[in-house]
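Written below as structure tokens is the structure these notes are about.
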Amino acid sequence: MKWKTIALTGLFALLSFFACTNNTASNEPAARQEAPLELTAEEREAFLEKGSYITATTFSALSGKLRSALQEEGVPGAVAYCNLVAYPLVDSLSQVHQATIRRTSLKIRNPKDKPTATELAVLETYHANAEKGASLLPGVVAIDQSTVAYYAPILTQELCLQCHGKIGETLKAEDYTLVKELYPEDEAIGYQSGDLRGMWSVTFRR
Ligand code: HEC
């Protein structure tokens, strides 16, 4: 099917774009054949800017609320708060920006954040680059004629460890019990500061 070819071509272009070394050059000819799908340099720049604005705004809305909830109610209150607020907040910002804003990860807390096949490939590329010590760059790619995706890494900070850290070390066992009550299938723990936690995945109309 045509859309599959298109999606794959986009993905190849994306993977070579995200890699910081040149060893993915073998994918390039395939990407070039579908030239009309590729973004122009101007489009690329404009969508990178738009994506970084949207994710920065969403991140500061989320972390602002998180910080105040932590201060006022400690980890248990903040976990309950995240559970109620994080998803609707991101959803409503999606409407404001006329985009679909998602956070996803190889290890997820909310099952709704499970990566799609395309997101999974990008996440794996980010992790491979992180392992090599390469810098993790945001990127944009045309998904099809009318949709563009923006991806950017989300790194773990000190503040995050109280809920995503190591049990019994940075994450208190009793706090994690609460997390598990709300998210029985949680996988999003064991992180250290600076680790790649996941990524933003924003899609907008071209
Ligand atoms: C008070 C506890 C708490 C803190 C602190 C916290 N998180 Fe989370 N995090 C959560 C909860 C709860 C969810 C699930 C939210 C939902 O249901 O949408 C979540 C979800 C996420 C997700 C979405 C993917 C997934 O696993 O479902 C990312 C990415 C994420 N957190 C990153 C961070 C980062 C980065 C920090 C630090 C800046 C951070 N978190 C700090 C509790 C926390």
Side-chain angles (χ1 to χ4, degrees), residues 18 51-97 99-130 135-139 149-203:
F18 279 95
S52 99
Y53 173 74
I54 290 175
T55 52
T57 317
T58 310
F59 179 78
S60 68
L62 273 175
S63 61
K65 304 228 178 217
L66 180 67
R67 270 173 211 279
S68 53
L70 277 171
Q71 265 166 15
E72 283 158 28
E73 308 170 59
V75 174
V79 169
Y81 189 77
C82 274
N83 173 245
L84 288 175
V85 168
Y87 218 89
L89 178 77
V90 173
D91 249 10
S92 73
L93 285 171
S94 290
Q95 283 179 19
V96 170
H97 295 293
T100 307
I101 311 170
R102 274 169 50 76
R103 293 183 303 161
T104 185
S105 174
L106 291 186
K107 298 200 288 179
I108 48 167
R109 177 150 293 172
N110 187 329
K112 287 187 191 160
D113 295 326
K114 187 175 186 277
T116 62
T118 311
E119 287 170 341
L120 187 64
V122 181
L123 277 166
E124 281 169 351
T125 307
Y126 272 137
H127 278 276
N129 284 339
S135 49
L136 308 177
L137 307 171
Y150 168 91
Y151 302 109
I154 300 177
L155 299 180
T156 313
Q157 302 171 10
E158 205 63 42
L159 165 82
C160 321
L161 303 181
Q162 322 176 49
C163 299
H164 295 293
K166 294 192 174 153
I167 304 172
E169 294 179 30
T170 42
L171 166 58
K172 288 190 196 144
E174 64 265 34
D175 289 342
Y176 193 53
T177 309
L178 296 171
V179 171
K180 273 293 209 186
E181 274 169 23
L182 294 167
Y183 305 92
E185 289 163 41
D186 180 55
E187 296 172 335
I189 54 163
Y191 292 95
Q192 292 184 333
S193 188
D195 281 352
L196 179 60
R197 167 68 181 89
M199 69 173 193
W200 293 100
S201 170
V202 183
T203 40

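Counting starts at 1 for both ligands and their atoms, in listed order.
Counting the atoms of ligand 1 from 1 in the order shown, those under 4.0 Å from a heavy atom of L159 are 5 (C). Close approach to A78 involves these atoms of ligand 1, each under 4.0 Å from a residue heavy atom: 1 (C). For ligand 1, the atoms lying closer than 4.0 Å to a non-hydrogen atom of R197 are 21 (C), 22 (C), 24 (C), 25 (C), 26 (O), 28 (C), 30 (C), 31 (N), 32 (C). Set against the non-hydrogen atoms of A86, the atoms of ligand 1 under 4.0 Å away are 15 (C), 18 (O). Listed by number with element, the atoms of ligand 1 under 4.0 angstrom from any heavy atom of Y87 are 18 (O). Taking every heavy atom of V79 and a limit of under 4.0 angstrom, the matching atoms of ligand 1 come to 1 (C), 2 (C).
Classification of E119 and R102 as a salt-bridged pair holds, one side-chain N sitting under 4.0 Å from a carboxylate O.
The two residues P153 and W200 come nearest to each other via the heavy atoms O-CD1, 4.3 Å. Smallest separation of non-hydrogen atoms from T156 and C160: CG2-CB, 3.9 Å.
No side-chain donor from either of R103 and S201 sits under 3.5 Å from a side-chain acceptor of the other.
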Does V202 form a side chain to side chain contact (heavy atoms under 4.5 Å, CB included) with T55? I'd like the steps, not just the answer. CA-CA 8 Å; V202 183; T55 52; 3.8 Å; yes

Please report the C-alpha distance between E187 and S105 in whole Å, then the side-chain angles of each, then the deciding distance to 0.1 Å, and finally whether the side chain to side chain contact (heavy atoms under 4.5 Å, CB included) criterion is met. CA-CA 10 Å; E187 296 172 335; S105 174; over 6 Å; no

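Judged by distance alone, the side chain of D195 and the main-chain N or O of R197 form no donor-acceptor pair under 3.5 Å.
Residue-environment remark: CD (E174) exceeds the threshold of 12 foreign heavy atoms within 6.0 Å. Around OH of Y53, the count of heavy atoms belonging to other residues, nucleotides or ligands within 6.0 Å does not exceed 12.
Heavy atoms of Y183 found under 4.0 angstrom from ligand 1 belong exclusively to the side chain. Under 4.0 angstrom from ligand 1, the non-hydrogen atoms of R109 come from both its backbone and its side chain. Under 4.0 angstrom from ligand 1, the non-hydrogen atoms of I154 all belong to its side chain.
In this structure, L155 is part of the shell of residues with a heavy atom less than 4.0 angstrom from ligand 1. In this structure, T156 does not count as a contact residue of ligand 1, since none of its heavy atoms falls inside 4.0 Å of the ligand.
When hydrogens are left out, the protein atom nearest atom 20 (C) of ligand 1 is R103 NH2, 3.6 Å; that is the closest non-hydrogen contact. Looking only at protein heavy atoms, the nearest one to atom 18 (O) of ligand 1 is N110 ND2, 3.4 Å. For atom 24 (C) of ligand 1, the nearest protein heavy atom (residue, atom name, distance) is D113 OD2, 3.4 Å.
Relative to the ring axis of Y191, K166 does not place its NZ or CZ within 45° and under 6.0 Å from the centre.
Closest approach between atom 8 (Fe) of ligand 1 and any N/O/S atom of H164 involves NE2.
Summarising the contacts of atom 43 (C) of ligand 1 with C163, C160, G198, the nearest heavy atom is found in C163.
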